[in-house]
Amino acid sequence: MVTFSALGPFQVCLDAIPLDLGGQRQMAVLARLLVARGRAVPVTTLIDELWPGDPPAQALSTIQGYVSRLRRALEPDRAPRSEAAVLVSAPPGYALRAATDQVDCWRFEQLARAGGTAAEIWDATEAALGLWRGPALAEFAELGWASTEAGRLEELRLVAVERRAEAGLRLGQAASLVPDLEAHAAAHPLREEGWRLLATSLYRSGRQGDALGALRRARTIWREELGLDPSGVLQRLEADMLSQAPHLDPPAGEDAVTVSRPQVARRGPAERTLRVVVADDQALVRTGLRVVIDTEEGLELAGEASDGEQAIVVVRDTRPDLVLLDIQMPRLDGLTAARRILADQDPPKVIMMTTFGTDENLYAALRAGVSGFVLKTSAPEQLVAAMRAAAAGDALIDPALTTRIISAFAGRPDPSAPPALAGLADTRLDVLRLIARGLTNRQIARTLAVPDDEVAEAVAGLLDHLGLFDRAQLVVAAYETGLVTPGDNG
């Protein structure tokens, strides 16, 4: 059976064996048909969207060649001149024929929207989120259609995280939800629902002071970022907590009881074991991180390494979920090791660590595809939150942990920096500023009061203008060029 994976590195497998799909543009044809969810895509649309504004003279024959080679890869045993069954002709173009269970993003959407009891929603959203292996359609981020679809899927993923948490609250699992919701709120501070769920989980765990503290943090962030107060939902929640309103107590009805029945007994978010490899040349640092991991529920030390070469071997032997990698190590530095680890098939998430936050390799590390970086001096709870956020695909660069590093470079020219921002319209510069502040496309659209697709088009235009490939590089560009400075909220 052929299976398609777009929630992470784009991959197609035949009977679990990865297929060679050819070059980037040929893969993009298949990805574009996958996004259409079985609907026919005209050849003219494929040409316009694969070569925006500048198609080659032989674009039609090139598309036909791509389709022919893809068909041979997808159906190697198909008899000559027989009709294709997967990538089919559908005048005036082509379509992808596959069942929902064959395509991870189709299956994800079905599960993420599933209804039912709290237990059924928990199971469905848990399965949906488990399908994610990294950012969706990242290989094609410079193409407008892929950027738009990736943004839509990411928004649905965040909704699924929140639906799962709401179901968990109804099932009486408040305490186990807190770590994941802390990471979710930190990575997406303008999502009110995330703060509501976090505060409610803390309150029902007997941590009323922490719950009120979370709501105060939300208010501070909203005032600093948007100059607004959170909506009446959070304000009423705070008032209800202060008065200890009965409706905030843990549920005592059927939903709360069902979790104890054998057929629905399940592991909470904090109980999912996240296997971590620690690589640092300082034994003291490794010991400290080992203590943090050993004492945190849901984390497990998969292995240790004292240099970059050893880290690569340990990662390939243990296949962890996450690697904490020192950026400066003997024999092989962390940056080179990260590149080699990330080049492997289905790699783990990689977080770089630095002691002083002034390492010249920072930007190169972000460009290599790491999921973020932390200071070794961060508090244990910050380290844990960063690990959980990276493992969930929530954070590429966390301003709260990287201000010191960015401060050392903001506004300084860099030999490998992208071109200057000259020629960009003010509206594009506004979008770039908001990207640097960590906002998603949907959040940017709401902030600027423009349609979502207009923001997606602006992001694609920025990438094209600056010759960059992904959103993390846009963050770096905003700081390198001085467009945004540390602590800048405007």
Side-chain angles (χ1 to χ4, degrees), residues 1-14 19 21-53 55 59-75 78 82-114 128 131-132 135-157 159-160 441-442 445 451-457 459-460:
M1 183 176 70
V2 180
T3 56
F4 302 83
S5 302
L7 302 178
F10 188 75
Q11 186 179 72
V12 179
C13 294
L14 178 59
L19 299 177
L21 301 177
Q24 186 85 352
R25 211 178 297 273
Q26 183 169 297
M27 282 198 300
V29 171
L30 190 57
R32 178 62 182 87
L33 296 176
L34 183 150
V35 167
R37 293 185 62 91
R39 296 185 296 274
V41 179
V43 173
T44 54
T45 299
L46 288 173
I47 292 173
D48 290 341
E49 293 187 341
L50 263 63
W51 293 279
L60 177 59
S61 60
T62 300
I63 291 287
Q64 292 170 338
Y66 289 160
V67 169
S68 178
R69 289 190 287 274
L70 287 168
R71 283 173 169 169
R72 286 198 296 271
L74 294 169
E75 299 179 80
R78 183 169 56 90
S82 63
E83 291 291 329
V86 180
L87 202 171
V88 303
S89 296
Y94 302 99
L96 181 67
R97 297 285 183 256
T100 298
D101 286 347
Q102 291 177 260
V103 186
D104 65 350
C105 55
W106 298 0
R107 177 63 174 155
F108 161 74
E109 189 160 355
Q110 180 186 64
L111 290 167
R113 298 182 187 279
L131 294 171
W132 283 74
L137 299 168
E139 296 93 335
F140 317 108
E142 73 279 6
L143 299 173
W145 57 267
S147 177
T148 299
E149 178 66 5
R152 188 185 72 85
L153 289 169
E154 172 64 12
E155 175 64 21
L156 187 56
R157 187 186 69 80
V159 171
N441 282 12
R442 178 65 59 84
D452 290 4
D453 56 358
E454 187 174 320
V455 174
E457 181 183 348
V459 173

Trainee: Checking R39 now: which residues fulfil salt bridge (Lys or Arg N to Asp or Glu O under 4.0 Å) with it, not counting sequence neighbours?
Mentor: none
Trainee: Got more than 12 heavy atoms from elsewhere within 6.0 Å of CD, E457?
Mentor: no
Trainee: Got a second to check how far Q24's CD is from F140's CZ, nearest 0.5 Å?
Mentor: 5.5 Å
Trainee: When rounded to the nearest 0.5 angstrom, what is the spacing between CG in L74 and CG in L21?
Mentor: 7.0 Å
Trainee: Going by side chain to side chain donor-acceptor pair (under 3.5 Å), name the residues that satisfy it together with T45, two or more places apart in sequence or in a different chain.
Mentor: none
Trainee: If every non-hydrogen atom of L7 is compared with every non-hydrogen atom of A136, which pair is closest and at what distance?
Mentor: CD2-CB, 4.1 Å
Trainee: List the atom of T148, the atom of A456, and the distance in Å for their closest heavy-atom pair.
Mentor: OG1-CB, 3.3 Å
Trainee: Can you name the closest pair of heavy atoms from A160 and A112 and give their distance?
Mentor: CB-CB, 4.1 Å
Trainee: Does the side chain of V43 come within less than 4.5 Å of P92's, by heavy atoms?
Mentor: no
Trainee: Applying side chain to side chain donor-acceptor pair (under 3.5 Å) as the test, list every pair that has at least one member in residues 84-98; sequence neighbours left out.
Mentor: R71-S89
Trainee: Going by heavy atoms in the side chains, are W145 and V41 under 4.5 Å from each other?
Mentor: no
Trainee: Considering residues at least two apart in sequence or located in another chain, which fulfil the side chain to side chain donor-acceptor pair (under 3.5 Å) criterion with E139?
Mentor: none
Trainee: Consider side-chain contact (heavy atoms from CB on, under 4.5 Å). Of V35, L70, L33, which one does L96 pass it with?
Mentor: L33
Trainee: How far apart are the closest heavy atoms of A28 and L50, and which atoms are they?
Mentor: CB-CG, 4.4 Å
Trainee: Sequence neighbours left out, what pairs pass salt bridge (Lys or Arg N to Asp or Glu O under 4.0 Å) with at least one residue falling in residues 82-92?
Mentor: none
Trainee: How far does CD of Q102 sit from CE of M1, to the nearest 0.5 angstrom?
Mentor: 5.5 Å
Trainee: Suppose we screen for ring pair (Phe, Tyr, Trp, His ring centres under 6.0 Å). Which residues come up paired with F4, at least two apart in sequence or across chains?
Mentor: none
Trainee: Looking at E75 and A84, would you say the former's side chain and the latter's main chain have a donor-acceptor pair under 3.5 Å?
Mentor: no
Trainee: Does E149 have any side chain to side chain donor-acceptor pair (under 3.5 Å) partners at least two apart in sequence or in another chain, and if so, which?
Mentor: R152
Trainee: Evaluate the side-chain proximity of L30 to L87: yes if any heavy-atom separation is below 4.5 Å, no if none is.
Mentor: yes
Trainee: For F108, which residues count as a ring pair (Phe, Tyr, Trp, His ring centres under 6.0 Å) partner, sequence neighbours excluded?
Mentor: W132
Trainee: Before giving the answer on side chain to side chain contact (heavy atoms under 4.5 Å, CB included), spell out for L46 and W51 the whole-Å C-alpha distance, their side-chain angles and the decisive distance to 0.1 Å.
Mentor: CA-CA 8 Å; L46 288 173; W51 293 279; over 6 Å; no
Trainee: To check you understand the geometry: which heavy-atom pair defines the closest contact between S147 and A141, and what is its length?
Mentor: CB-O, 3.8 Å
Trainee: Shortest non-hydrogen contact from W106 to A98?
Mentor: CZ3-O, 3.3 Å
Trainee: Do the non-hydrogen side-chain atoms of L156 and R113 ever get within less than 4.5 Å of each other?
Mentor: yes
Trainee: Would you please name every residue forming a side chain to side chain donor-acceptor pair (under 3.5 Å) with Q26, sequence neighbours left out?
Mentor: R69
Trainee: Please enumerate all residues that pass salt bridge (Lys or Arg N to Asp or Glu O under 4.0 Å) together with R25, with sequence neighbours excluded.
Mentor: none
Trainee: Not counting sequence neighbours, which residues clear side chain to side chain contact (heavy atoms under 4.5 Å, CB included) with A6? List them please.
Mentor: F10, L34, D104, C105, L137
Trainee: For D101, what residues pass the salt bridge (Lys or Arg N to Asp or Glu O under 4.0 Å) criterion, not counting sequence neighbours?
Mentor: R107
